[in-house]
Amino acid sequence: MNVDDQLTPALTLRGVSKRYGPVVACDAVDLAVRPGEIHGLLGENGAGKSTLMKILLGLVHRDTGTILRGTEPIEIDSPQVAADLGLGMVHQHFSLIEPLTVWENVILGDTGRVDRAAACAQVEQVAQRYGLPIDPLARVDRLSAGERQRVELIKCLRRDPSVLILDEPTSVLTQAESAELFTVLRRVVQAENRAVILISHKLAEIMAATDRVTVLRRGAVAFHGTTADTTAQELARQMVGRDVSLRAEGAALGLLPVEPQSPAGAPPSTDPAGAAPAADPTTPAALRLRGVTLRVGGLPVLDDLHLDVAPGEIVGLYGVEGNGQATLGELLSGLLVPDEGAVEVGGRPVELTRPGTLHEAGLGIVPEDRHHSGVVLDMSVAENLVMKSLAGVCTRGVLSRRRMHRIARRQMAEFNIVAPSPDTPLRSLSGGNQQRVVLARELSAGPKALVAAQPTHGLDVGAIEDMYVRLRQAAAEGVAVLLISTELEEVMALADRIAVISSGRIVGVLPTAEATAERLGMLVGGVAH
Amino acid sequence: MSAADNIATILSSGARLTVPLAFAACGEYVAQRAGTLNISVEAMMLGAAFGSIAVASATGSATIGLAAGALVGVAVAFVHGNLSHRVQINTFVVGLVLNALVLGLTSYLITVSTFTGHQVWQVSVPVLRDIPIVGPMLFVQRWPVYLLLAVIPLTWWLVQRSRWGLELRAVGENPQAADVSGIHVNRRRRQALLWCGLLAGLGGAYLAVGEVGSFNQNMTAGRGYLVIAAVIFGAWRLGRTLVGCVVFGLADAMRLALPALGVTMNSQLLIAAPYLLALLAMLVFATAHREPRALAQPFQRGTT
């Protein structure tokens, strides 16, 4: 790949490194982006993409290395400097102020007098040039995700950047909106000779939209070359290293570490006899959602959702991100109360307006964002492990550290939690070990049902395999497992049945044996019902 | 006295009691829109009240005293802003400490000094002051009241129409986004606090050299907290905030007028009345409204 030297790159990174304590986020990264190209930056979560982006934006300072704009070395001290140097960033999540209007957002960061008419005219002019229709007077909080992204693009392009950086731009877009975005990007590079860096972890998108591609793995450049000369398989291999990706190919190649257990022979629910009298012998579901509806601002996020999970069964809830999965996860964590409908655990409806009732009823949860609602990072491993069952380590309100440590040691051994001691603050553990702490706590409580929401997000391959083994084991022991996932391969590899969620509704339930990527894709897209 | 006279008296005294609240509320409104739940507004007002009398007494000019009071407010704001938006000490802790410090300091200083009384001059508009009921309220007031009438639209314009105000609102809603847009978040918040200090200082100084003509211990008596309540009551909108100030001012005026009207009530209970009203008002009005999203959240670059 000796094509790098044909043109002076718009932006060059040489040996850029950044460490956070013992963690190397970026390891001597070289990157050259030429004017007139879309350069893909591919990598898994935690591969160093976002740190690199923050360095280019002046939010984080590199430890070593040089950054050149054209041939001239630059220092990016702050976002303002980055903007002045012609580095424009389209943020997905945090650069629009929702209660402000479109034009107010667009001129934010300028200097001089505020001129509403001129600002609106400029917005419309940029909008027209790039085919990004938007009402400059609209308030941003009333806009859809696709429209918000147009505002981001307009804000960025109005400043006439020489390098445009897009961070996971399609993560909240529909297929059509994504296509529209790539059309605009093509125009930006071809007609105006700007450089575009497209940060993504989606292979298909990188293959379709980029001219050249750089793959990051564990902070270092694993591969770079011309997109047309490589294949998706090659990029996938480079992205995850020597191990074949469980998510992308493992299931198809039959390389999973453990044979799936047959749910047919699974033992019945392990709850003590008499504790949960079966309300109705024809409904053996350990977890049942009945007509769960939740509206936000009048719009249903969960819309009359029905789902049963039987003891010993893994049901995969599959769908594109943003179709109500996060809301369902919060609801099953007890953080939200539905407007209508009921949640039944072990055949009994659960009172959802009091905290802790779902746990008492025997529902375990591995939440999607463990830092948000799964663990307390600044408390110790032991404290996090006993947090939900303090009765076992308390005598009349006094904590027994001895009992707490004994329980913690046992669970640490059982779930392979690697930590120097039970007193280690959870913050200092790796993501995989933090997730094991959550899983250990939830499974040790002997749940009837377990909800695992995106349980492998951001984990390394080893931790993912471990998570898969544990979930299968839990099901084999009679726990009803609801796996909420946006990863098709994960659902296909683990679930006995797959329920597809779209716009807050279950649009179809298939046995995994009958589910093909094509059928699921059609359900997800709302084609078949 | 006739009923009309009684009403005119209460309205007029209510207007006077509203003025210090309204000055400070214009400041607190700006601070909160920028994301600082500034509780040291009490310290700003009390320190300014003391400073204004001290300087008025030394110079013989109530107007110079008023200006000095405003500067005391700015000084308190400067300390608060740098401690909480530069050194990043929790803003509530800073506010509480400043309130206690200024209360103790002024209470001590007033015992060891003797000041002569001073009051800014009164403006009395001929003819118009004779309008029944509202005439005395609107047209017989001390001159800072008319300054307030200029400060209110100026504050609104600054927040809603100037670039500074746009950036201020952005900072109060989403500091990370403001930061990546190139706005110095903590600098804007310090500037908002300085504006708050200036106006709270004017409010506190008005209480001393405008309303009463002297300083006594703990003269503000929690008016700063009422101002915070007014901003919340007003759902972070200036007009409604000022309505809240008027309500609290009238409640205060009623308290003072009731004994004269022959109503006997426990005076301590009466003193508590505006605060009780504030609590009820917040209960009714505040829950439905959206506060600036980053209110009372510190900002440090790199944490998203």
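Each chain gets a letter, A, B and so on, in the order the sequences are listed, and its residues count up from 1.
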Under a 4.5 Å cut-off applied to non-hydrogen side-chain atoms, are A/Q80 and B/H184 in contact? no
In terms of heavy-atom contacts, does CZ of A/R139 have more than 12 from other residues, nucleotides or ligands at under 6.0 Å? yes
Decide if atom CZ of B/F78 counts as having more than 12 heavy atoms of other residues, nucleotides or ligands within a radius under 6.0 Å. no
Are B/S181 and A/K155 packed together at the side-chain level, in the sense that at least one heavy-atom pair is separated by less than 4.5 angstrom? yes
Quick check on the interface: out of A/T111, A/D84, A/L100, who has the most heavy-atom pairs with chain B under 4.5 Å? A/T111
Please state whether the side chain, the backbone, both or neither of A/R113 comes within less than 4.5 Å of a heavy atom of chain B. backbone
Considering non-hydrogen atoms only, spot the tightest contact between A/L57 and B/V180 and give its length. CD2-CG1, 4.1 Å
If you round to the nearest 0.5 Å, how far is CG of A/L108 from CD1 of B/I183? 3.5 Å
Between the main-chain N or O of A/V114 and the side-chain N or O of B/R163, is there a donor-acceptor pair closer than 3.5 Å? no
Find out whether A/L59 and B/D179 are in side-chain contact, i.e. whether some heavy atom of one side chain is under 4.5 Å from a heavy atom of the other. yes
In Å and rounded to the nearest 0.5 Å, what is the CD1 to CD distance from A/I97 to B/Q176? 9.5 Å
